Amino acid sequence: MAVLANSATHAHTSEQDHEAHLREEHLMLDPRPRGEMNAMVMESMQTTSWKFWVAAGIMAILVAVCLFYYWGYMIANGLGVAGVNRPIYWGIFLVNTVFWIGISHAGTFVSALLRVFKAEFRRPFTRAAELMTTFGLVQAGLSIFMHMGRVWLSYWLAPYPNQRGLWPNFHSPLAWDFLAINTYLLSSTMYLFLPLIPDLAMARDRSTGWRKTLYRILALGFRGTEGEWTHLRFAMNLFAFAILPVMFSVHTIVSWDFAAAMRPGWSSTIFGPYFVIGALQSGLSAVAMVLIVVRATMKNMKYFIRPEHLDGLGKLMLIISMSWAYFFFNDYMVQWYNGDKWTDALLHFHEEGPLGWMWYAMLIFNVAVPWLTLWNKNWRRNPTLLFTVGLLVNIAMWFERYIIVPTSLSINRFPFTYQFYKPGVEIPLTIGTISFFILLYMLASRLIPLVPVWEVQEGQMAHSLRKFGKETVVTVSDLE
Amino acid sequence: MTEQLSRRDFLKLVGTGAASAAVLTGCGPASRYVTREPYTKMPEYTYNGQSTYYATTCRECAAGCGLVVRTMQGRAIKVEGNKYHPVNLGKTCARGQATLHSLYNPDRIQEPSSHVRGDRDFSTTDWDTATGIVAEALKNPAETAFLLGLAPDHLFDLVSDLCKAIGAPAPLRYGALSLFEARTTLGEASRIVFGKPDLLFFDLGNADVTFSFGANFLETWISPVAYTRGFAQMRRGTNRRGYLVQFEARMSQTAMKADEWAAILPGTEELVAAALGKLVAEQKFGSAPALFEAVDVAQAADAAGLPLETLERYATILAQAQNPLVIPGGAALGQSNGLEIAQVILSLNALLGNLGKPGGVYHSPASPLTNSYRRPASIKEISALIEKLNSGKIKTLIVHGVNPVFELPTSLGFEAALAKVPTVISLASFPDETAILADYVFPDHTGLESWGYQQVSAGTGQTLLSGAQPVVAPYYNTKSTTDVLLAAAAVAGGKAAAALPFKDEIEFIQGKLAGLVGAEGGFFNAADMPSFWAEFQQFGGWWKNDPSLGTPSAASALEKKLTPAAAQPEGDGEFHLLVFPSPILAEAGANKPWLQETPDPTTTVMWNSWLEMNPVTAEELGLTDDDVVRVSSAFGEVEVSVYKVPAIRPEVVAIPFGQGHTAYGRYAENRGANPGKLLGAQINAAGDLAFAGVKVKIEKTGKKRPLSRLEGRTRLEAAENKG
Amino acid sequence: MTDKNMLLAVFSDLDPAAHAVEKLRELGLGDEHLNVISGIPITEAMMGRPHQWTNVPRLALGGALGGFLLGAYLAFVTPTTYPLNVGGQPVIPGPPSVVVLFELTMLGMLISTFVGVFLDSRFPSYTPKEYVPEISDGRIAILIECDPAQEVAIESAMTALGAESVKHAEAQTL
Amino acid sequence: MAKHNIPEVKADLENTTGIWGMAIDQDLCTGCQACVAACAMENNIAFVGETDAGYGRSLHWLRIEHAFEGEFPEVQTSGFQPVLCQQCGNAPCEPVCPVFASVHSQAQDLNLQVYNRCVGTRYCANNCPYVARVFNMRDYDRPEPLSNQLNPDVTVRRRGIMEKCTFCIQRIHKVEDQAKSEGREVLDGEMQPACAQACPADAIIFGRLDDPESRVSKLAKTGRGSQLFEDLGTLPRVTYLKEEKDYGRLG
């Protein structure tokens with residue numbers, strides 16, 4: 001559908017070049033017929049090389065061994081096979097929990113916040129990001145369950161009374177966690193599903209066999225009537241607004257698991273926003289990494305995901321990195337300044353202890369690397385470079401949580417009890433959660449249209465080029 | 001909880017006890033004709049939901065603390081102290097607490113067995129066969145030798161009577177603790193200085209200044225619970241808080257509790273004590289007695305590695321004290337001149353004038369059964385036995401209550417001598433090293449399943465016979481050694497049968513107690529044996545209400561001339577080796593899992609041995625924590641992990657004794673190192689081993705073996721000083 | 001209305017479709033007889049259609065209220081069924097109650113919104129419906145309910161306005 | 001709403017003395033570990049073996065801390081300090097448990113750990129400033145017949161459960177029941193936890209803090225008394241009487 005404004009009839013060649021450049025640059029200005037885009041997305045879903053299956057097979061084996069076997073082994077033998085001890089009662093499982101919740105934040109952030117503020121570059125990859133939210137939360141949930149000493153009784157956390165009328169303890173940050181993470185998991189899944197319905201209907205209309213049955217069931221009978229669109233549009237808008245505070249609350253509550261505790265280094269009022277920013281820091285980098293992989297490996301994705309998107313994500317990453325540095329310094333400064341000797345000991349332990357390298361690596365990867373690279377537009381648009389930066393930032397953010405959880409737990413008010421933390425079965429289980437995330441994502445990429453075609457089309461409808469004086473600029477109409 | 005018993009209740013109880021004893025008499029041979037007596041008014045045997053408490057005597061060491069064991073439905077649940085018992089007044093040490101792990105040890109020998117020496121597969125026999133084998137030995141008295149432990153005393157008395165009657169050599173008894181306490185030396189010194197051999201009673205509780213020469217009385221020394229109580233009393237102080245100075249090269253647990261630790265070089269105790277004597281005498285009386293005259297104070301301080309001013313300050317403290325006390329401990333006496341050291345220290349007490357005074361030195365009360373001090377065998381006597389074994393003159397060796405293969409210094413060659421004995425019978429409850437090298441193991445009951453008594457020789461001022469009764473029925477097919485010997489004597493006939501005309505162990509013990517029936521001044525008075533016996537069991541022994549301490553007299557001790565000298569160390573190594581009994585494991589605790597897991601008080605090491613080394617020394621040798629080193633003396637070598645600790649002289653290293661078993665059950669085996677392998681055979685004038693006079697070499701092995709410590713290693717300098 | 005016919009006019013562009021709606025109104029068809037089916041959300045205003053009623057906001061509000069009440073029950077009532085002292089905090093903790101209230105309010109609202117979409121749209125419904133797959137290729141279809149007599153007039157009007165096809169809408173399995 | 005006597009304001013707690021309490025005289029404590037062994041025997045504490053013990057997983061409810069300070073020959077010791085659950089009146093471990101496994105007993109004013117309620121989040125242990133809690137990392141082996149010795153009054157814990165010193169609450173109950181059946185108050189000294197009962201130096205004194213005449217109350221009020229990290233406001237029920245090094249302190 002051509003909804004573009006007419007270009008000037010007497011355009012200079014250079015202006016035509018400029019216009020062509022703009023169209024090549026921006027997906028929104030490079031419309032293709034909806035049918036073609038549909039076909040491209042369907043094709044991307046259904047074109048699968050042997051490499052994909054090899055990779056998925058490896059991931060499946062890793063999941064079976066590293067996740068399920070080792071977890072079963074740990075359940076059968078107790079947490080003794082992990083590295084936790086006294087006083088380091090929390091180890092990598094909680095590092096992973098926080099890490100995966102962090103990853104999950106980016107999906108919501110990209111999809112909801114950018115939707116609320118009508119940041120148009122979000123359109124082709126909202127779904128890819130939302131999938132990360134859901135699958136990331138699955139890993140976070142698994143990691144929490146791994147962490148529990150008696151996971152077979154984990155349902156006791158659910159809000160229901162025992163036979164004596166005893167409910168869970170809502171004084172406990174962990175009980176809030178239970179509510180918040182469940183709320184977030186449910187709402188992010190619903191938020192993933194709602195915009196997916198029209199795309200499922202689209203897939204239903206152009207598939208056969210088992211896929212047809214699957215999409216038919218999932219599309220729920222959606223046709224696209226005025227009423228259906230109205231309900232859906234309202235619901236999506238409401239979700240976009242409402243899921244943001246839920247997202248902030250989740251990571252804030254996770255941070256309270258630490259901040260509410262009476263421990264040197266943990267008892268910090270800035271942990272809430274610091275954790276939220278940390279989550280975005282790792283999450284956005286992960287989104288960038290996933291998009292780069294999707295773009296490189298899936299058919300037709302180079303049309304939908306363009307350097308402009310990497311550019312946009314790169315900018316966001318830079319801003320978030322700066323914010324992270326701000327919060328980190330804020331936290332560090334106050335902890336350093338207050339002079340409490342245990343906190344002082346803890347900070348020394350962070351920096352000069354046996355894992356001091358980790359502390360420095362965290363700062364370099366989280367601050368120095370993004371700041372030195374992402375300011376440059378060309379570098380931001382370079383997939384390899386952005387992927388590397390994203391990977392380093394994610395490693396750094398994992399380190400950050402490692403420093404906050406097991407390393408900080410080494411230090412308490414009784415030097416007599418100080419111990420080191422040596423991970424045991426945590427290592428395969430961490431590999432297991434990463435593999436499980438990748439596996440879920442790979443399977444989803446075969447089953448779910450990764451690009452919300454209707455949103456792209458809607459965006460392309462709204463975009464046009466307009467001349468202001470001699471300059472042709474991109475113009476966006478507000479269709480809602 | 002134990003209940004307070006009024007005397008009237010008690011008399012009622014005696015009646016019931018006697019009646020029930022009478023009723024149960026006819027119950028056949030399986031049950032005793034006398035029954036166990038609960039500590040409080042509790043139904044005997046099982047009563048659902050109710051605990052029954054039995055009084056007995058602890059056998060984890062020879063101190064003879066009274067225990068009250070809580071049992072429930074025939075199981076021993078918890079050990080508590082007997083609050084009336086004069087030795088421990090309701091308290092226990094860690095080893096006493098863990099005695100349940102002896103009773104319920106998974107590695108106990110469960111039935112009489114024979115086996116090929118060194119083999120760990122035992123083949124079961126029955127008790128009749130066992131009795132026959134022991135009876136054979138009794139038929140050749142001259143070729144039979146007994147080696148017994150320091151507990152229980154009733155068995156030692158029985159064996160002594162038996163040997164005397166049949167003409168066998170008198171039984172020898174010793175223990176690793178008596179070795180490390182150099183008890184013979186102390187007794188001998190008492191004989192020389194005070195004219196009476198005795199394991200003296202040091203009234204720590206009433207002393208206001210105590211100088212201890214290596215006496216680790218808070219750990220294992222003689223009667224640690226009693227002395228710990230004395231220590232607490234001293235600290236609380238009647239007039240002022242007592243002051244403790246510990247003289248030893250390594251800061252032991254006792255030294256950690258001392259107000260000052262005087263880290264003197266091992267072997268210089270005589271010099272230091274004599275120098276103190278001279279300085280004190282000069283301060284107090286203006287001139288030193290002949291005994292201390294010859295000592296050069298400055299030289300003594302120099303030899304000991306102590307600043308002269310410090311020594312003088314100590315002397316002043318001692319001289320100004322109202323109730324000063326000087327205690328000679330094992331590590332000080334285990335030197336080549338140990339006997340002289342003991343004499344000087346006892347004489348120093350005489351100089352201070354504390355003999356027979358509160359806070360001073362007393363003669364321990366005699367046991368109610370004998371008048372004489374019964375000392376353990378010295379190493380000299382043990383060596384004589386070993387020689388005899390080697391010569392082939394002994395055809396049967398019967399071992400009970402000791403583990404000589406493990407406990408004796410390897411250099412004495414006990415193990416080799418054992419091979420020359422045709423028949424070795426072990427009566428051990430556990431498959432210890434000696435039992436493994438025996439032909440037969442006829443397991444005795446463990447302490448909590450046994451009858452018996454212990455003649456308490458130290459730790460209390462009251463005359464005391466501590467009584468033991470089984471708190472539970474024997475868990476396995478074990479048999480009291482007393483009963484085995486009684487049965488064997490009957491089978492052997494002749495003099496043996498005549499000497500032991502007792503139906504069983506109870507009758508034998510009652511025979512020994514007969515003299516106490518109707519005795520005056522006791523905790524209880526009973527007119528006849530059944531009543532006495534019931535109360536004896538009920539209260540866990542018989543003791544006099546009032547102290548009966550003797551006042552030592554040292555008429556001429558100070559007049560003797562003495563030229564004090566430093567000890568002659570053995571070996572050419574560069575480090576003094578200090579072997580000390582592990583405060584937690586002591587001689588036989590290694591097979592009790594909870595004792596293994598109980599951290600050492602000074603190092604917090606669990607489940608293993610370590611070599612204590614000053615960080616300065618470690619740095620010189622390029623060693624750090626957990627590095628495995630080879631410690632070698634002229635007699636052997638062991639490999640052990642290094643533990644750096646500033647509280648030891650740089651020229652001294654220390655290894656705890658208690659680990660390094662090659663047998664003795666799953667919890668003890670192949671764990672740590674046995675420093676007994678390093679000890680020589682040098683003895684002092686009293687015949688005790690100069691175990692503290694060995695010098696060793698230390699070599700790096702390059703290996704590392706982390707020690708399990710309760711204390712974390714992640715200390716940071718910044719967090720070092722906790723608030 | 002047993003003898004009503006269903007026509008489905010398919011347009012490829014927005015503007016003709018909007019004109020078609022206008023035309024149909026001129027032909028005397030009320031808004032209640034029309035329905036626009038599209039592959040992208042088109043606002044009612046673009047098509048000149050009356051505002052669509054949706055219950056989802058009310059349901060969301062109701063859900064929020066329900067969630068709040070559930071949260072209030074958890075926060076304020078459940079601790080009193082078995083009062084326990086934990087760390088000297090009051091039985092009904094203040095700030096933590098806010099957390100519980102917030103989470104459950106949001107959960108209630110979001111779940112009811114989601115459910116509201118299902119209720120209002122009668123999801124899931126797998127009965128045959130008037131539909132052509134071209135719609136999800138970007139076509140805009142107008143579903144017209146008319147008397148058989150009007151059918152020819154409507155068909156020609158639609159074709160004139162640029163409809164790609166006008167045909168009897170037959171309910172088909174989606 | 002059910003009736004309860006839980007204070008609404010934390011400051012109210014400051015005025016309470018607590019009910020059961022302990023005083024530990026560090027001047028008398030010889031570090032002999034009798035309390036540690038007695039505690040293990042009374043409370044069915046599992047032993048964990050060399051490797052786990054060295055890795056900070058031993059299940060000691062009571063640990064005796066000390067440190068050497070300085071270099072030879074100027075070596076000092078910090079003194080032995082038995083550290084156990086302080087039974088805080090205002091316990092940080094309690095509110096953080098999501099399943100109410102760590103709760104406060106109103107009757108005894110003790111900090112309870114409900115073993116069969118515990119799901120093993122280990123938050124309580126992280127929030128305990130005294131590092132007094134231990135966690136069952138495995139099902140520790142207790143080969144037969146060692147299990148004969150288990151105290152039937154104390155739950156045997158399996159893997160995945162937090163545990164800690166209880167002030168021997170099974171004994172408290174026994175003594176209280178006994179007193180009640182005899183229609184009297186509990187006598188001072190009648191109740192002895194296993195550690196205090198064993199302590200050869202009598203350095204651990206246990207009793208009622210709400211009885212101003214009890215031995216423990218009097219000791220807790222002496223000038224030597226202090227509590228661990230009082231500034232945290234946890235209201236510990238254990239008072240440490242500090243070690244004296246002065247010669248000639250009047251008794």
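Please read all numbers here as calculations on a predicted model, not as lab measurements. Just so it is clear: chains get the letters A, B, ... in the order the sequence lines come, proteins before strands, and each one is counted from 1. All values below were derived from every heavy atom in this structure, side-chain atoms included, with hydrogens, water molecules and symmetry-related copies excluded.
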Side chains of A:Leu186 and C:Leu110: does their closest heavy-atom pair fall under 4.5 Å? no

With only heavy atoms counted, which part of A:Arg204 is less than 4.5 Å from chain C, the side chain, the backbone, both or neither? side chain

Where does the angle between the aromatic ring planes of A:Trp167 and C:Tyr73 fall among parallel (under 30°), tilted (30 to 60°) and perpendicular (over 60°)? perpendicular

To the nearest 0.5 Å, what is the distance between CG on A:Leu232 and OG1 on C:Thr113? 12.0 Å

Looking only at the side chains, is there a donor atom on one of C:Ser136 and A:Arg206 sitting less than 3.5 Å from an acceptor on the other? yes

Looking at side-chain heavy atoms only, is the closest gap between A:Ile217 and C:Tyr126 below 4.5 Å? yes

How about A:Gln46: does its CD atom have over 12 heavy atoms from other parts shown lying under 6.0 Å from it? yes

Nearest heavy-atom neighbours spanning C:Leu84 and A:Leu166: CD1-CD1, 3.6 Å

C:Lys23 atom NZ, over 12 foreign heavy atoms within 6.0 Å: no

Check whether A:Trp229 gets within reach of chain C through its side chain, its backbone, both or neither, counting any heavy atom under 4.5 Å. side chain

Heavy-atom closest contact (C:Val91 atom, A:His171 atom, distance): O-CE1, 3.3 Å

Here the pair of heavy atoms bringing C:Thr81 nearest to A:Gly165 is OG1-O, 2.5 Å

For A:His231, what residues pass the ring-ring contact (aromatic ring centres under 6.0 Å, His included) criterion, not counting sequence neighbours? none

Would you give the length of the straight line joining atom CZ of A:Phe170 to atom OG of C:Ser97, rounded to the nearest 0.5 angstrom? 9.5 Å

Rounded at 0.5 Å granularity, tell me how far OG1 in C:Thr54 sits from CD in A:Glu226. 13.0 Å

Minimum side-chain heavy-atom gap A:Glu228-C:Asp120 below 4.5 Å: no

Side chain from CB out, backbone as N, CA, C, O: work out which of these in A:Asp199 comes under 4.5 Å of a heavy atom of chain C, or both, or neither. neither

Spatial distance of atom CZ (A:Phe222) from atom OG (C:Ser125) [nearest 0.5 Å]: 12.5 Å

With the side chain counted from C-beta on, respond yes when C:Pro57 and A:Phe234 share a heavy-atom pair under 4.5 Å apart, and no when they do not. yes

Any side-chain heavy-atom pair of A:Leu179 and C:Met106 under 4.5 Å: no

One option among A:Ala235, A:Pro159, A:Gly227, A:Ala180 has the most heavy-atom pairs under 4.5 Å with chain C, and it is A:Ala180

Minimum heavy-atom separation for A:Val246 to C:Phe102, with atom names? N-CZ, 4.2 Å

When rounded to the nearest 0.5 angstrom, what distance separates OH in A:Tyr191 from CZ in C:Phe114? 13.5 Å

Heavy-atom distances under 4.5 Å only: say whether C:Pro79 touches chain A with side chain, backbone, both or neither. neither

Enter the distance from C:Leu59:CG to A:Leu238:CG here, rounded to the nearest 0.5 Å. 11.5 Å

Pair C:Val36, A:Thr225 - check side-chain contact (heavy atoms from CB on, under 4.5 Å), show working. CA-CA 6 Å; C:Val36 178; A:Thr225 62; over 6 Å; no

Does some side-chain heavy atom of A:Arg216 sit less than 4.5 Å from a side-chain heavy atom of C:Thr173? yes

Below 4.5 Å from any heavy atom of chain A, which atoms of C:Ile135 appear? Answer side chain, backbone, both or neither. side chain

Taking every heavy-atom pair that is under 4.5 Å apart, which of A:Asn38, A:Ile243, A:Asn169, A:Val453 has the most such pairs with chain C? A:Asn38

Taking C:Met109, C:Arg49, C:Met47 one by one, which has the highest count of heavy-atom pairs under 4.5 Å against chain A? C:Arg49

Heavy-atom side-chain proximity of C:Glu44 to A:Thr230 below 4.5 angstrom: yes

Over all atoms of both residues, closest heavy-atom pair of A:Arg164 and C:Tyr82: O-CD1, 3.2 Å

Quick check on the interface: out of C:His51, C:Arg122, C:Glu134, C:Glu130, who has the most heavy-atom pairs with chain A under 4.5 Å? C:Glu130

Look at C:Val56, C:Asn55, C:Thr78 and state which one has the largest set of heavy-atom pairs under 4.5 Å with chain A. C:Thr78

Considering non-hydrogen atoms only, spot the tightest contact between C:Phe123 and A:Ile197 and give its length. CE1-CD1, 4.3 Å

Do A:Arg34 and C:Arg139 have side chains that approach each other closer than 4.5 Å (heavy atoms only, starting at C-beta)? no

Side chain / backbone / both / neither for A:Pro161 at chain C, heavy atoms under 4.5 Å: neither

